[in-house]
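Here is how names work: the chains are called A, B, and so on, in the same order as the sequence lines, proteins then strands, and each is numbered from 1.
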Amino acid sequence: MRSMQVETIPVLLAAKIRSALDNETIPVHVVPSADRRFGDYQTTVAMQVAKQRGVNPRTLAQEITSRIDMAPMGPPPEIAGAGFINFRLDPHWLAARTAALAADARLGCPPILRRTLVVDFSSPNVAKSMHVGHIRSTILGDCICRIGRFLGHRVIADNHIGDWGTQFGILLVGWNTLLNREALAKEPIAELERLYKTVSAQCDPDKPGYDPGLRAQAKQELVKLQAGDSKNLASWREMIRLSQIQFDEVYARLGVRFDHMYGESFYNPALKGVVEDLLQKGVARESEGAVCVFSDHTVPEKDDPFLIQRDGQWVDVPAIVQKADGAANYMTTDLATLDYRLREFSPDDIVYVTDGRQQQHFRQLFAVFRRWRPEAAARVTLSHVWFGSILGEDNKPFKTRSGDTVKLADLLDEAVERAERLIAERNPELDPAERAATARIIGLGAVKYADLSPNRQGDYVFNWDKMLSFQGNTAPYLQYSYVRIQSIFRKSAEGGRPVAAPAADSPLTLTEEAEILLAKRLNQFGEILPQVIVDYKPNILATYLFDLAGCFHNFFESCPVLKSEEPIRSSRLALCHVTGRMLREGLAMLGIEVPERM
RNA sequence: GCGCCCGUAGCUCAGUCGGAUAGAGCAUCAGCCUUCUAAGCUGAGGGUCGCUGGUUCGAUUCCAGCCGGGCGCACCA
């Protein structure tokens with residue numbers, strides 16, 4: 001399929017305005033009109049410019065519109081209110097554009113400057129089960145990758161697995177003293193979690209069974225591991241191997257793929273050099289036995305990630321790159337990772353998808369990196385794409401290590417089971433094999449959509465019913481819209497008239513209100529998709545698809561397709577075809593599949 | 001204390017580079033299946049956009065100050 005390589009409607013209209021203003025650089029925002037009475041698109045640029053120039057906005061709007069030639073897009077623009085300029089689209093022009101859209105591989109997305117994007121997401125920990133806390137990063141990150149790829153960017157998905165750190169001291173003590181081989185063979189992650197839980201409780205001074213000796217032993221095992229002790233190294237590798245099996249299973253179910261899974265340990269050999277280089281360049285210095293990066297006082301105190309006000313005084317909150325015990329921490333690892341990625345991939349953007357509580361960490365990380373490698377930092381945009389917490393019914397965050405978390409695998413099972421029950425109820429004719437396959441698509445889609453449709457920065461309360469609700473603004477609603485379109489094509493084929501994909505030059509005939517509204521909405525896909533990636537906000541795409549589905553249902557209710565006469569019939573089939581494709585591909589960008597029947 | 005985020009319909013949430021009469025879903029009520037899948041569609045009711053000021057022709061959106069909630073604040077990630 002070819003690409004039509006055209007600009008979006010707001011871009012075309014903005015160009016006309018700029019040319020009318022004799023100013024090619026002025027920012028002009030053309031947006032879909034809030035109300036249908038005000039046409040299809042509107043701009044407030046006349047009021048803004050009039051303000052700067054101290055002239056009457058309506059007069060200026062008059063001047064602008066008199067110099068705009070709208071043909072063949074639509075009638076001359078209208079002026080309304082205080083100086084709004086409203087544009088209307090000619091249905092014939094819209095019909096031609098929609099026909100081209102139907103045959104466009106990019107669904108109307110404008111050409112882009114290709115960028116290289118590294119996306120760091122999911123980041124599960126070895127020896128722990130993946131739980132609801134991992135779901136947002138995994139699904140959001142995957143979605144960003146998918147949209148980036150669709151737009152034509154080079155995307156590198158990198159899973160920064162937690163395979164190193166102090167928890168392995170505790171795990172090794174458990175491994176050496178409490179390991180049940182049988183349990184490990186049966187349920188490796190559950191057994192590893194049991195080891196961790198048992199030993200860590202005894203290493204916690206605030207807990208009843210506290211054993212200082214065991215705590216020292218854990219530290220000892222960690223030191224041995226870090227020093228390359230072969231026995232500990234072998235145990236550690238076994239833990240990673242067992243964990244990797246779990247990760248692979250979950251990712252396969254979710255349809256998430258990574259280009260790399262370099263764990264934290266991958267960067268171990270580089271850590272010493274990072275610290276030395278920071279010291280040598282004067283970015284870091286020793287403080288209380290640790291190696292730290294302090295504020296360089298180049299930004300106002302309140303914007304300085306290395307300062308905080310306490311009791312009216314600005315005090316240092318340095319970034320620690322080497323602890324007093326000589327060990328590196330996650331700041332060091334992240335710096336080494338950043339350095340590696342820049343050398344290996346030469347990215348234009350690096351995106352970190354984590355929860356919002358790590359905002360300070362990333363502000364410090366980015367600031368340290370800019371001071372450490374200014375020339376490299378100038379070539380890359382670093383973004384922390386953060387999201388809110390998942391809360392329990394009591395409005396308190398899920399605790400990560402206290403056992404009360406819902407396992408991701410269980411969540412997915414439950415979603416699929418619920419979907420299967422619902423399908424059996426609604427559509428008993430589906431044979432069991434198709435029902436199972438459809439249940440998987442619907443159940444997983446519901447879970448993903450529940451995470452992608454709200455604003456990522458908000459917290460949300462975990463709730464089975466809400467997450468798996470199949471009514472209203474949900475994935476099943478969108479999938480259902482697609483299914484109904486496919487049903488039309490099936491019916492047509494059964495009647496001996498299979499429907500071919502519409503050609504770019506096959507004319508559409510748009511007469512009914514619902515057809516025109518649907519066509520307008522279809523043409524907005526190319527406007528919203530770039531917005532989604534600019535702010536990394538998949539909910540914009542989700543909202544668009546929901547809205548599109550609404551327009552389709554509206555059209556579907558009021559405009560018979562197969563029973564209408566030519567040329568209306570072909571025209572409506574083309575509308576169905578492009579809507580179906582947009583729903584399928586739009587949902588695919590959210591990581592959601594579509595069934596043919598449900 | 002300081003920083004970040006949040007506060008929009010009974011509930012869950014969209015919407016802000018300032019724009020016209022603030023939108024959905026759920027729930028409630030009233031309609032629509034002999035007709036392309038009713039997981040749908042149409043309509044109704046429901047709002048001091050936390051409060052108070054400021055900037056502006058125009059503020060849910062920007063600024064300041066409050067109120068309420070969440071998170072974070074040297075060697076965990």
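- With both ends at atom C1', the span from C66(B) to A74(B) equals 33 Å, rounded to whole Å.
- Using a 30° and 60° split on the angle between ring planes, W236(A) and W164(A) fall in the perpendicular class, above 60°.
- For C41(B), one of the phosphate oxygens OP1 or OP2 lies less than 4.0 angstrom from a side-chain nitrogen or oxygen of Y477(A).
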Run the numbers on K520(A) and D40(A) for salt bridge (charged side-chain N to carboxylate O under 4.0 Å, His left out), then give the verdict. CA-CA 8 Å; K520(A) 285 174 185 168; D40(A) 298 317; 2.5 Å; yes
What's the verdict on side chain to side chain contact (heavy atoms under 4.5 Å, CB included) for E515(A) and L575(A), showing C-alpha distance, side-chain angles and the deciding distance? CA-CA 8 Å; E515(A) 291 175 294; L575(A) 280 176; 4.1 Å; yes
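- A cation-pi contact, defined as under 6.0 Å to the ring centre and within 45° of the axis, is absent between R597(A) and F489(A).
- Within 4.0 Å of A319(A), counting heavy atoms only, lies no atom of the nucleic acid at all.
- Taking the charged nitrogens against the carboxylate oxygens, E420(A) and R440(A) have no contact shorter than 4.0 Å, which rules out a salt bridge.
- Side-chain to base pairing of D355(A) with A77(B): no donor and acceptor N or O lie closer than 3.5 Å to each other.
- Closest to the side chain of A324(A), out of C75(B), U21(B), C71(B), is C75(B).
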Audit row: Y330(A), H361(A), ring-ring contact (aromatic ring centres under 6.0 Å, His included) steps and yes/no: CA-CA 9 Å; Y330(A) 68 129; H361(A) 167 69; 4.1 Å; yes
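- Residue side chain E264(A) does not reach the base of A77(B) through any donor-acceptor N/O pair under 3.5 Å, judged by distance alone.
- Looking at heavy-atom distances under 4.0 Å, C292(A) makes contact with a base.
- Between R418(A) and E425(A) there is no salt bridge, since none of the side-chain N atoms of the basic residue sits less than 4.0 Å from a carboxylate O of the acidic one.
- Using a 4.0 Å cut-off between a side-chain N of Lys or Arg and a carboxylate O of Asp or Glu, R371(A) and D296(A) qualify as a salt bridge.
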Trace of the salt bridge (charged side-chain N to carboxylate O under 4.0 Å, His left out) decision for R435(A) with E429(A): CA-CA 9 Å; R435(A) 189 171 68 207; E429(A) 292 112 70; over 6 Å; no
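- Here, U12(B) and G70(B) have their P atoms 16 Å apart, quoted to the whole Å.
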Protein-nucleic acid N or O pairs under 3.5 Å, nucleotides 12-14 of chain B:
residue	atom	partner	partner atom	Å
U12(B)	O2'	K466(A)	NZ	2.5
A14(B)	OP1	N455(A)	N	2.8

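- At the heavy-atom level, V317(A) lies under 4.0 Å from the strands shown only through sugar-phosphate atoms.
- Residue contacts shown for L422(A) include a base, since a base heavy atom lies under 4.0 Å away.
- Nucleotides A27(B) and C13(B), compared at atom C1', are 14 Å apart to the nearest Å.
- The gap from the C1' atom of U28(B) to that of U21(B) amounts to 25 Å, rounded to the nearest Å.
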Output the pairing pattern of RNA chain B as a dot-bracket string, 5' first, Watson-Crick or G-U wobble with both distances under 3.5 Å, | for cross-strand pairs, [ ] for crossing pairs. (((((((..((((.....[...)))).(((((.......))))).....(((((..]....))))))))))))....
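- Among residue pairs with one or both ends in residues 530-547 of chain A, those qualifying as side-chain hydrogen bond (donor to acceptor under 3.5 Å, both in side chains) are R521(A)-D547(A); sequence neighbours excluded.
- Nucleic acid contact for P560(A): base, since at least one base atom lies under 4.0 Å from a heavy atom of the residue.
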Below 3.5 Å is the cut-off: list the nitrogen or oxygen pairs between protein and nucleotides 1-4 of chain B, distance only.
residue	atom	partner	partner atom	Å
G1(B)	N2	Q309(A)	O	3.2
C4(B)	O2'	Q359(A)	OE1	3.0
C4(B)	O2'	Q359(A)	NE2	3.4

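- Under the 30°/60° scheme for interplanar angles, the aromatic rings of Y477(A) and H553(A) are found to be tilted.
- Looking at heavy-atom distances under 4.0 Å, T354(A) makes no contact with the nucleic acid at all.
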Given the rule in the side-chain hydrogen bond (donor to acceptor under 3.5 Å, both in side chains) test, do T354(A) and H384(A) qualify, once you have shown the distances and angles that lead to the verdict? CA-CA 7 Å; T354(A) 83; H384(A) 181 211; 2.7 Å; yes
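- Rounded to the nearest Å, the gap between the P atom of C29(B) and that of A38(B) is 23 Å.
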Between the protein and nucleotides 56-66 of chain B, list every N/O to N/O distance that falls short of 3.5 Å.
residue	atom	partner	partner atom	Å
U56(B)	O2'	K51(A)	NZ	3.2
G58(B)	O6	K51(A)	NZ	3.2

Intermediate values then yes/no, ring-ring contact (aromatic ring centres under 6.0 Å, His included), F84(A) and F38(A): CA-CA 9 Å; F84(A) 294 91; F38(A) 306 132; 7.1 Å; no
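- Along RNA chain B, the nucleotide nearest M331(A) and the nucleotide nearest I442(A) are compared for position; the residue whose nucleotide lies closer to the 5' end is I442(A).
- Residues Y449(A) and N473(A) have side chains that bring a donor and an acceptor to within less than 3.5 angstrom of each other.
- Taking atom C1' on both U48(B) and G53(B), the two are 16 Å apart, rounded to the nearest angstrom.
- The distance between the ring centers of Y267(A) and H160(A) falls below 6.0 angstrom.
- As judged by a 4.0 angstrom heavy-atom cut-off over every strand, C559(A) is placed among the base-contacting residues.
- Between G81(A) and N427(A), the one whose closest nucleotide on RNA chain B sits nearer the 5' end is G81(A).
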Dump the intermediate steps for side-chain hydrogen bond (donor to acceptor under 3.5 Å, both in side chains) on Y482(A) and E596(A), then the final yes or no. CA-CA 8 Å; Y482(A) 176 80; E596(A) 293 300 307; 3.3 Å; yes
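- When only modelled atom types and interatomic distance are considered, T337(A) and D334(A) share no side-chain donor-acceptor pair under 3.5 Å.
- Nucleic acid contact for L307(A): none, since no nucleic acid atom lies under 4.0 Å from a heavy atom of the residue.
- Checking E527(A) against Y41(A) by side-chain atom types alone, a donor-acceptor pair falls below 3.5 Å.
- Annotation: C49(B) and A20(B) have their P atoms spaced 15 Å apart (nearest Å).
- At the heavy-atom level, N86(A) lies under 4.0 Å from base atoms of the strands shown.
- The base of A20(B) is not paired with the side chain of S33(A) by any donor and acceptor separated by under 3.5 Å.
- Rounded to whole Å, the distance from CD on Q364(A) to C1' on C75(B) is 12 Å.
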Could you write out each protein N or O paired with an N or O of nucleotides 23-33 of chain B at a distance under 3.5 Å?
none

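- Which of A39(B), A77(B), C36(B) sits closest to the side chain of I488(A) comes down to C36(B).
- When the P atom is used for both C63(B) and U55(B), the distance is 16 Å, rounded to whole Å.
- Distances shown here put a side-chain N or O of Y480(A) below 4.0 Å from the OP1 or OP2 atom of A38(B).
- The number of heavy-atom neighbours closer than 6.0 Å to CD of Q313(A), taken from other residues, nucleotides and ligands shown, is 12 or below.
- For F84(A) and G19(B), the ring-to-base geometry does not satisfy the stacking test (centroid distance below 5.5 Å, interplanar angle below 30°).
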